[in-house]
Amino acid sequence: MTGIDVARIRADFPILKRTVRDGKPLIYLDSAATSQKPVEVLDAERTFYETSNAAAHRGAHQLAEEATAAYEASRARVGGFVGVEAENIIFTKNASESLNLAAYAFSNATALARWGTPVDPRFELNPGNSVVVTEMEHHANLIPWQEVCAKTGASLRWLPLTDSGRLDLADLDDLIDTSTKVVSVVHQSNILGTINPVAEIMARAHAVGAVGVVDACQSIPHMPVDVRALGADLVAWGGHKMLGPTGIGLLYGTSEILQAMPPFLTGGSMIATVEMERSTYAAAPQKFEAGVPMVAQAVGLGAAVAYLEKLGMAEVAAHEQELTAYSLMALSGIPGVRIIGPTETVDRGSAISFVVEGIHPHDVGQVLDNMGIAVRVGHHCAWPTCRRFGVPATTRISPYIYNDQRDIDALVEAIAHAQHFFKVAS
Amino acid sequence: MTGIDVARIRADFPILKRTVRDGKPLIYLDSAATSQKPVEVLDAERTFYETSNAAAHRGAHQLAEEATAAYEASRARVGGFVGVEAENIIFTKNASESLNLAAYAFSNATALARWGTPVDPRFELNPGNSVVVTEMEHHANLIPWQEVCAKTGASLRWLPLTDSGRLDLADLDDLIDTSTKVVSVVHQSNILGTINPVAEIMARAHAVGAVGVVDACQSIPHMPVDVRALGADLVAWGGHKMLGPTGIGLLYGTSEILQAMPPFLTGGSMIATVEMERSTYAAAPQKFEAGVPMVAQAVGLGAAVAYLEKLGMAEVAAHEQELTAYSLMALSGIPGVRIIGPTETVDRGSAISFVVEGIHPHDVGQVLDNMGIAVRVGHHCAWPTCRRFGVPATTRISPYIYNDQRDIDALVEAIAHAQHFFKVAS
Amino acid sequence: MSLEALYQDIIIDHYKNPRGRGLLEFPLGTAFHVNPTCGDEVNLQVAAAADGGLLIGYEGTGCSISQASASVLYELVQGRQVTEAENIRRAFVELMHSQGHGEPDEAVLGDGIAFVGVAKYPARIKCALLPWMAFQDAEIKGGLMLETNSDGE
Amino acid sequence: MSLEALYQDIIIDHYKNPRGRGLLEFPLGTAFHVNPTCGDEVNLQVAAAADGGLLIGYEGTGCSISQASASVLYELVQGRQVTEAENIRRAFVELMHSQGHGEPDEAVLGDGIAFVGVAKYPARIKCALLPWMAFQDAEIKGGLMLETNSDGE
Ligand SMILES: Cc1ncc(COP(=O)(O)O)c(C=O)c1O
Ligand SMILES: Cc1ncc(COP(=O)(O)O)c(C=O)c1O
């Protein structure tokens with residue numbers, strides 16, 4: 001038993017009281033797509049709108065002061081949550097924007113250099129250069145790099161996977177070589193649940209002088225993460241998967257890298273001086289935050305962080321670890337069910353993908369949904385990973401702090417029901 | 001008298017009941033920076049989180065269905081508000097992102113073409129090409145184009161201003177010539193209040209085969225706008241200035257242009273197929289919406305649109321027109337006050353910039369703030385426009401549906417007080 | 001709604017025993033469509049017989065709904081004239097947009113009427129429509145239909 | 001807080017009658033700083049006299065707070081040794097971060113103590129600090145101070 005009191009936590013999440021599909025109690029097992037939000041987060045956003053709403057960093061009146069203070073307090077809070085200074089945290093709209101921001105540093109610098117703007121050569125890519133990802137990336141950490149390669153002539157490489165769903169690092173030193181200018185890898189896979197040895201990979205990246213990027217979307221919401229210990233230059237994740245509002249994402253960067261990167265979105269609030277012909281830019285984080293920011297969402301995210309800190313991330317991780325062990329055991333026990341990804345709890349998180357022999361994942365999901373159980377089916381934005389394992393799609397559960405073993409028991413029962421309904425061996 | 005009942009409207013905005021600076025009632029005249037939000041918008045967001053929160057377009061369970069339906073219903077509602085189909089509306093995080101999305105089409109296409117990806121030649125820029133803006137652009141519609149030029153070798157041109165704050169179109173046909181590939185102009189200036197003849201400019205853009213972009217941030221919240229009548233290919237604006245939540249912006253595009261443009265942010269949900277080496281993309285609007293979207297904010301924005309539709313945009317415009325006439329008269333009547341921008345109501349909106357002789361705008365704003373009046377001071381993210389008028393900054397009022405003549409009376413009194421306090425002639 | 005109402009026996013039967021599955025030797029038009037959210041795939045081909053009747057070939061992988069829908073499509077349009085087939089296609093599309101309130105005409109839709117329950121599940125409508133969209137696309141590519149006739153479905 | 005408490009007479013006086021305003025003929029270091037939100041500008045120059053005492057030149061445009069602050073800066077550090085000036089600068093920065101609760105030492109800050117009210121207005125703190133940041137920067141550029149001594153203000 002961990003220190004997480006699921007019943008008490010559930011009381012903080014209004015949506016968990018609703019029913020679905022003709023009165024079935026909702027069992028939400030899709031937190032890897034997006035988490036639910038506690039009432040504290042909803043209250044924080046609303047209170048902001050009702051008392052301090054104004055354009056942060058854009059006015060001198062009292063509301064603007066309060067909005068700016070609230071926005072910046074949230075930045076500091078998020079920074080503290082992952083062990084860094086406020087000024088190393090950039091607010092984006094989602095993790096995809098954060099990863100695109102990182103990727104565009106390379107295509108932008110390359111284009112700027114071509115026309116004579118001095119840039120940090122680390123970001124300049126040529127046909128001889130390579131970009132390295134893994135075969136288990138979410139599309140958000142794959143396609144931006146494909147686009148970078150298409151725009152610069154660089155080539156994309158990837159670390160392959162073992163049959164058990166781990167990174168195969170046998171050729172690490174060959175794949176990441178002196179041609180490599182950026183290495184971007186997922187910390188915890190959203191489809192396999194695998195937790196990768198990112199510090200080791202980042203060390204190799206730095207050994208060849210490459211910039212290191214980590215996609216921490218599925219790790220930071222679920223376990224204590226000291227982002228500096230990841231050894232990366234840039235770390236991206238989202239707010240909506242960690243109890244925060246939709247519409248807010250995060251990018252951590254070392255001061256050094258943020259200073260070296262060209263801006264991404266440009267416009268108001270990210271400038272130092274502006275003339276018709278040219279502009280100069282503010283220091284990070286402002287440099288990367290053009291336009292009126294998502295202040296209310298930042299405030300909501302601050303409340304989400306406070307909620308998680310109150311629970312304690314070590315407790316959250318322990319709770320999920322326990323649930324993962326239980327789920328792996330329960331699912332392995334069902335004949336015809338195959339887990340796609342590591343089958344032991346070592347270095348794996350609570351998101352578990354599986355296929356049920358003879359039933360398409362979409363149909364599995366439908367039966368589960370009909371019984372009130374919300375899971376995700378499909379390729380989970382990791383289509384190449386599905387191909388690697390020879391499946392068109394999977395069914396995925398992804399529990400969080402408001403789930404317990406009874407939810408897994410219900411899942412097991414529902415899978416048996418699906419097998420019965422579709423008349424496949426069970 | 002117009003059909004706008006300010007007292008009734010004010011009752012819908014909780015924040016307007018608060019006091020500032022030691023008990024002064026809040027007089028909010030900074031809606032051009034961001035508007036306040038009626039309780040209907042706050043309720044819609046909250047209800048969404050409490051009942052239907054899930055990742056839109058990313059799941060098959062009931063919550064995901066509801067979230068997707070709510071998100072898409074909002075898209076249709078926003079489209080209807082400006083007279084277009086849902087599929088022509090793209091959700092972004094703010095207007096700055098919308099304008100960057102437009103600008104990146106050019107730098108991305110240029111880079112892609114260089115390495116062999118076929119692109120629509122309208123988006124490919126070379127040193128011989130020009131990009132045309134105006135001298136009254138918000139930084140959000142200036143700096144992205146400066147960056148495009150820096151990344152492609154194209155050059156930036158701009159339509160100059162007359163002393164009365166209007167566009168000087170005398171050289172329109174010379175400035176927009178066959179070298180021009182994109183013309184991007186503001187519909188209503190956020191600093192001068194000027195409403196520009198964008199249809200005429202867009203017609204000239206199209207006559208030379210250029211893409212036409214309009215920044216409608218300050219027009220769509222304030223008057224009925226049929227975006228198609230603007231004659232542009234792309235129109236950008238934000239949600240937070242039209243009663244909607246922070247963290248949501250809009251981009252309208254013709255079907256033809258959206259299909260021709262390369263994607264901007266890439267990742268999940270914007271794809272058709274994905275392999276490690278290459279991906280193909282979904283049709284617009286999905287093509288431009290990577291990652292889990294700002295669903296709750298879209299829902300809130302839908303409620304904002306409903307609120308404005310209930311009032312009627314023609315009524316909103318009439319109310320503001322009346323208030324503009326009153327404000328212009330009142331401000332012109334104060335000795336030492338100079339209005340920067342048109343001094344008649346013809347083709348101008350309610351945002352009015354002014355300087356008070358002998359008092360820096362920052363100090364004017366401070367006195368106003370101390371008396372409970374929230375205005376914006378500074379260059380309003382239109383620094384080159386300030387320079388054009390030989391002022392380092394201005395004080396700007398920007399009333400909206402919840403303001404009335406008493407707010408302007410209070411303003412006039414406060415300006416007199418500032419003149420008294422700083423001992424300048426009044 | 002009960003699972004039985006969604007997955008009518010007819011659907012399961014077409015899923016487990018697809019009719020006419022396989023590719024054509026000499027297709028006029030081929031369209032490969034994918035449902036990007038779940039990865040369902042249908043490869044659909046059309047050709048015209050000497051009497052103008054349609055010949056249909058198809059293959060695919062995916063959920064029961066998408067694959068059964070392809071089988072039903074084959075059964076309904078194989079051998080029909082293009083205009084007849086178009087009426088059937090439109091009737092099926094309309095049924096899918098009925099939000100479950102449609103009253104499908106069995107004379108037109110045959111086994112297709114079994115999909116009435118699918119229309120209640122927005123995420124599954126795309127599955128059911130997948131082969132029908134590929135069909136329309138294949139007809140356009142094969143020159144059997146003008147693009148402007150397309151209703152965007 | 002009353003306007004009078006924010007805009008103390010001393011501030012208005014320095015604003016209307018700036019002390020020592022003007023540029024140096026032979027500056028060692030020059031720093032041009034801008035407040036990007038409001039456009040306030042200060043151009044600040046440093047040089048060292050034969051006795052090591054600082055020589056200050058400045059110009060600028062902007063609000064009363066930023067311009068008065070430059071004038072006070074001149075008054076406080078002109079002729080001082082670099083280390084003395086640094087103590088004054090730190091005391092001023094600290095005062096600005098006191099949120100209005102600071103108890104400034106007049107012996108160190110002279111007319112600078114009039115800025116105590118400014119610390120209550122986050123948006124104005126930047127105005128007051130503008131010349132002081134430019135000062136530090138000019139000292140670094142002029143080789144009078146090491147960059148690593150910078151406290152990032
Ligand atoms: C591993 C991973 N990376 C990136 C993303 C993209 O995050 P977002 O949807 O917030 O952009 C997700 C989630 O969707 C994810 O799980
Ligand atoms: C004319 C104009 N364009 C662009 C913007 C930028 O909008 P946003 O802050 O929503 O990105 C604004 C407002 O800030 C504006 O007034």
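Residue Leu142(B) touches chain A through its side chain alone, counting heavy-atom pairs closer than 4.5 Å. The contact between Val375(A) and chain B is made entirely by backbone atoms, counting heavy-atom distances below 4.5 Å. Pro245(A) touches chain B through backbone and side chain together, each having a heavy atom under 4.5 Å away. If you measure heavy-atom distances from Asn190(B) to chain A, you find no contacts under 4.5 Å at all. There is no contact between His380(B) and chain A, counting heavy-atom distances below 4.5 Å. For Ile248(B), no part lies near chain A; criterion is any non-hydrogen pair under 4.5 Å. Heavy-atom distances place both the backbone and the side chain of Asn53(A) under 4.5 Å from chain B. No part of Ala95(B) comes within reach of chain A, as not one of its non-hydrogen atoms sits under 4.5 angstrom from that chain. Contact annotation for Asn108(B): both backbone and side-chain heavy atoms come within less than 4.5 Å of a heavy atom of chain A. Both the backbone and the side chain of Gln297(A) come within less than 4.5 Å of a heavy atom of chain B. Contact of Ser52(A) with chain B is made through backbone and side chain together, with heavy-atom distances under 4.5 Å. Of the two parts of Leu112(A), the backbone and the side chain both hold a non-hydrogen atom closer than 4.5 Å to a non-hydrogen atom of chain B. With a 4.5 angstrom heavy-atom cutoff, Leu101(A) does not touch chain B via any of its atoms. Neither the backbone nor the side chain of Thr19(A) comes within contact range of chain B; no heavy atoms are under 4.5 Å apart. There is no contact between Glu137(A) and chain B, counting heavy-atom distances below 4.5 Å. In this structure, chain A has heavy atoms under 4.5 Å from both the backbone and the side chain of Gln36(B). At a 4.5 Å heavy-atom cutoff, Thr47(B) makes no contact with chain A through either its backbone or its side chain. Neither the backbone nor the side chain of Ser107(B) comes within less than 4.5 Å of any heavy atom in chain A. With a 4.5 Å cut-off on non-hydrogen atoms, Ile271(A) touches chain B through its side chain but not through its backbone.
Between Phe264(A) and Tyr104(B), a ring centre-to-centre spacing shorter than 6.0 Å is recorded.
Of the residues considered (Ser279(A), Cys381(A), Gly247(A)), Ser279(A) shows the highest number of contacts with chain B, using heavy-atom pairs under 4.5 Å. Per-residue heavy-atom pair counts under 4.5 Å with chain A were compared for Ala140(B), Ala64(B), Gly116(B), Ala298(B), and the maximum is reached by Ala140(B). With chain A as partner, the option from Leu42(B), Val274(B), Thr34(B) having the largest number of non-hydrogen pairs under 4.5 angstrom is Val274(B). Ranked by non-hydrogen atom pairs under 4.5 Å with chain A, the options Arg376(B), His139(B), Met276(B), Met294(B) are led by Met276(B). The greatest number of non-hydrogen atom pairs below 4.5 Å with chain B, out of Ala296(A), Gly365(A), Ala374(A), Pro262(A), is found for Ala374(A). In terms of heavy-atom pairs under 4.5 Å with chain B, the best-connected choice from Pro127(A), Ala382(A), Gly372(A), Ala113(A) is Pro127(A). Interface check for chain B: of the options Pro293(A), Ala33(A), Pro144(A), the most heavy-atom pairs under 4.5 Å are formed by Pro144(A). Of the listed residues (Glu275(B), Glu277(B), Gln146(B), Lys37(B)), the one with the most heavy-atom contacts under 4.5 Å to chain A is Gln146(B). For the options Lys17(B), Glu45(B), Lys241(B), His362(B), heavy-atom pairs under 4.5 Å to chain A are most numerous at Glu45(B). For chain B, the option among Ala55(A), Ser35(A), Pro384(A) with the highest count of heavy-atom pairs below 4.5 Å is Pro384(A). Counting heavy-atom pairs closer than 4.5 Å to chain A, the top residue among Thr152(B), Val295(B), Asp30(B) is Thr152(B).
Contact check on Glu289(A) versus Lys93(B) returns no salt bridge, with no Lys/Arg side-chain nitrogen under 4.0 Å from an Asp/Glu carboxylate oxygen. Between Arg278(B) and Glu147(A) there is no salt bridge, since no side-chain nitrogen of the basic residue lies less than 4.0 Å from a carboxylate oxygen of the acidic one. The pair Glu65(B)-Arg21(A) counts as a salt bridge, with a side-chain nitrogen and a carboxylate oxygen less than 4.0 angstrom apart.
When each of Glu66(A), His61(A), Gln62(A) is paired with Val20(B), the side-chain contact (heavy atoms from CB on, under 4.5 Å) condition holds for Gln62(A) and for no other.
Of all heavy-atom pairs spanning Thr117(B) and Ala150(A), the tightest one is OG1-CB, 4.3 Å. Listed here is the closest heavy atom pair of Thr273(B) and Trp383(A): CA-CZ3, 3.7 Å. Closest approach of Asn94(A) and Val292(B) over heavy atoms only: ND2-O, 3.1 Å. Across all non-hydrogen atoms, the minimal contact from Asp369(B) to Ala60(A) is OD2-O, 3.8 Å.
Between Tyr49(A) and Val41(B) the shortest side-chain heavy-atom distance does not fall below 4.5 Å.
The distance from atom CG of Leu265(B) to atom CG of Leu265(A), rounded to the nearest 0.5 Å, is 7.0 Å. In this structure, the separation between OG1 on Thr246(A) and OH on Tyr71(B) is 9.5 Å, given to the nearest 0.5 Å. Atom OG1 in Thr110(A) sits 11.0 Å away from atom NZ in Lys151(B) (nearest 0.5 Å).
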